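As the structure is a prediction and not an experimental result, all values here were calculated from the model. FYI, side chains are in, hydrogens and waters are out, and symmetry mates aren't considered; it's all heavy atoms of this structure. Quick note on labels: first sequence line is chain A, next is B, and so on, each numbered from 1.
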2 protein chains.
Amino acid sequence: MKNITWDAYQIFLAVARHGGLTGAAQAHALSPATVGRRVLDLEQGIGRQLFVRSQTGYRLTADGQALFEQLQAMDAVVRKVDGWRQEAHGASVVRLMAGTWVTWLVCENIQAIWSERDGFRLDMSVSERRATLAHRESDIGVRAVAPEEPHLASRHTGDVAYAAYRQRNAPAGLSSALLAVSEEDAISPYLRWPHEQGEVSIAVIVSRPRSLLDLARAGAGQAVLPCFVGDLDPGLERVGEELKQLRHGQWIVTNSEDRHRREIRTVSERLFRLVKSHADLFAGKRPSRSL
Amino acid sequence: MKNITWDAYQIFLAVARHGGLTGAAQAHALSPATVGRRVLDLEQGIGRQLFVRSQTGYRLTADGQALFEQLQAMDAVVRKVDGWRQEAHGASVVRLMAGTWVTWLVCENIQAIWSERDGFRLDMSVSERRATLAHRESDIGVRAVAPEEPHLASRHTGDVAYAAYRQRNAPAGLSSALLAVSEEDAISPYLRWPHEQGEVSIAVIVSRPRSLLDLARAGAGQAVLPCFVGDLDPGLERVGEELKQLRHGQWIVTNSEDRHRREIRTVSERLFRLVKSHADLFAGKRPSRSL
DNA sequence: AGTATGTCTTTCATTTATGAAAAACATAAC
DNA sequence: GTTATGTTTTTCATAAATGAAAGACATACT
């Protein structure tokens, strides 16, 4: 019986979990080619077929399923060891500051930003006003303006577009009134906009922008939202065209002192990739509603 | 936190077990150079020193010990998977876990438990503590207490008695000091007993109970041993009567999931008969010295 | 029907890991 | 003391594993 190295099991588990080579490869910072070869070697070593291959991915055979279940226990041990490892590291924290909607996007895609395996905690906080990275209150910020401060490093992620949204297939005669955030909380231009449309009445006023989404979905009226939020929500539809005057750029900003810290680089890079992968949605190009 | 590949743990385990690079390297068909580098990488990745290096070998640090113990469970899973792998080749594995002395008895009477004609392999491992039986993943265990776990089936085999033994016909004035296992390894009551006899001095301390027998036979002092061990050894004789406070029952335990497997039933039954046939010896009734 | 997207697989240059041998070093034996 | 043995560590040429890119092939979308 051939000797099988343990990382073969590790890779097998990843493929089984992700249902394919590409996902598993990304998760382990390997190429699909390598993962495919390793799985092949494992099957060869065990002498049974573990997966049925198709163009759409890998699916477990009965034998594969049996192995998969046994290896769960192995993974559990590793998770426990990971916990033990973190004890020493003093469990560092990465503080991420962003607006309501980027925070929302991150929460919806948290697995793309952070996993339990990471050796750090994620501390997300919402701030509508310009993120105050200056005083090192957060490690990574998302901003609507390019930073002038010399000690801040930034990466441009593209544009953010806005439009008005209302409940999809709303009954005729549904309120066309606007939903708004109270004037003293309306700092960003898109939140001030409803207050500047003199002739249209404002139906409901809330203190948190997040509530606008819930209200619009419930049919309370029209809300101005970033397109990547509105277009992603199957319960909403646009009213009119993009509000071009609200469009702005977006930057991911890090304090250049701490930028070298590995976990900060990691989160920053993942965040960048996440936003980039939604770039079209951010820019208001019409929806592909796959989240 | 760096990602650590599982084979790093595998290599760590090998080094810890063999106490050095060369042994571990041979066991895994690697070169000492490679093993050394991998261990270095692992320590780097974990951020703690795992071994103290010397020209004579590698010894675990406290951190290393902690990791070592956690990884035992990982190794257990692999052994189980190995068993599963062999099923394909027709040859399955029966894993038997028992204490030092039952294991010894089985080894002395291996032909009563297993022969080459049997279509399975026997995987025996020694464990003094009871708790490990649960996650060490063995098929058959021998315990000193009746299991409470509902998924374990058990058969009572009788009582086990203990007494002190020394070299037979020892020269007068031979050391009457006690032989003991180091206190941190002394889990079972009979191993703790020497440490609890305040007035008598302990002559030699070893880490493995098995060594007690060799020491006593060599005339190093008195050792507390199960009667079925001491009475069976022609080179030993009892000192005093049975130590009644150490007497306990004994159960053969099988996981009720796998209990139906034929080879497990077979081994379990043979083991039961073997122990039963030595029942008088186990119980401390005076020796019939036929092995 | 045709296009686009996402997957796996293959190929080949490159990077990485590895082993053999020598060196350095303790310990044990004499 | 001195030698011998067994260990770890270093060095460097070699072998093995890897990734990037291109190809092949289904599936989903328009």
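The backbone N or O of B:Thr100 sits nowhere less than 3.5 Å from a side-chain atom of B:Arg210 that would complete a donor-acceptor pair.
Looking at which nucleotide of DNA chain C each of A:Leu40 and A:Thr56 is closest to, the 5′-most match is held by A:Thr56. Nearest-nucleotide assignment on DNA chain C puts the 5′-proximal partner with A:Gln55, out of A:Ala33 and A:Gln55.
Across all strands shown, A:Ala24 has no heavy atoms under 4.0 Å from either base or sugar-phosphate atoms. Within the nucleic acid shown, A:Gly36 has no heavy atom closer than 4.0 Å to any nucleic acid atom. Across all strands shown, B:Ala29 has heavy atoms under 4.0 Å from sugar-phosphate atoms exclusively, and none from any base.
Qualifying ring-ring contact (aromatic ring centres under 6.0 Å, His included) partners for B:Phe51, counting only residues two or more places apart in sequence or in other chains: B:Phe12, B:Tyr58.
Nearest to the side chain of B:Arg38, among D:dT18, D:dT8, C:dT18, sits C:dT18. The A:Thr34 side chain lies nearest to D:dT18 when the options are C:dT18, D:dT18, D:dT9. Nearest to the side-chain atoms of A:Leu30 among the listed nucleotides D:dG19, D:dT8, C:dG6 stands D:dG19. Closest approach to the B:Tyr58 side chain among C:dG19, D:dT9, D:dG19 is made by D:dT9 (side chain taken as heavy atoms from C-beta onward).
To the nearest angstrom, C1' of C:dT7 lies 14 Å from CZ of A:Arg59. Rounded to a whole Å, the CG atom of A:Leu21 is 15 Å from the C1' atom of D:dT18. Whole-Å rounding puts the A:Gln26 CD to D:dA20 P distance at 12 Å. Rounded to an integer number of Å, the gap from B:His18 NE2 to D:dT8 P is 12 Å. In this structure, B:Asp7 atom CG and C:dT18 atom C1' are separated by 13 Å, rounded to whole Å. Rounded to an integer number of Å, the gap from CD of B:Gln44 to C1' of C:dA17 is 17 Å. Straight-line distance from the CD1 atom of A:Ile11 to the C1' atom of D:dG19: 14 Å, rounded to whole Å.
When the side-chain nitrogen and oxygen atoms of A:Ser54 are compared with OP1 and OP2 of C:dT7, none of them lie within a distance under 4.0 Å. Residue A:Arg37 places none of its side-chain N or O atoms closer than 4.0 Å to OP1 or OP2 of D:dT18.
Atom CD of A:Gln49 has more than 12 heavy atoms from other residues, nucleotides or ligands within 6.0 Å.
Under the 30°/60° scheme for interplanar angles, the aromatic rings of A:Tyr162 and A:Tyr190 are found to lie parallel.
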Next on the checklist: Before you tell me yes or no, could you show the steps for A:Arg37 and A:Ile11 under side chain to side chain contact (heavy atoms under 4.5 Å, CB included), namely the whole-Å CA-CA distance, both residues' side-chain angles and the distance that decides it to 0.1 Å?
Outcome noted: CA-CA 11 Å; A:Arg37 281 182 294 238; A:Ile11 289 175; over 6 Å; no
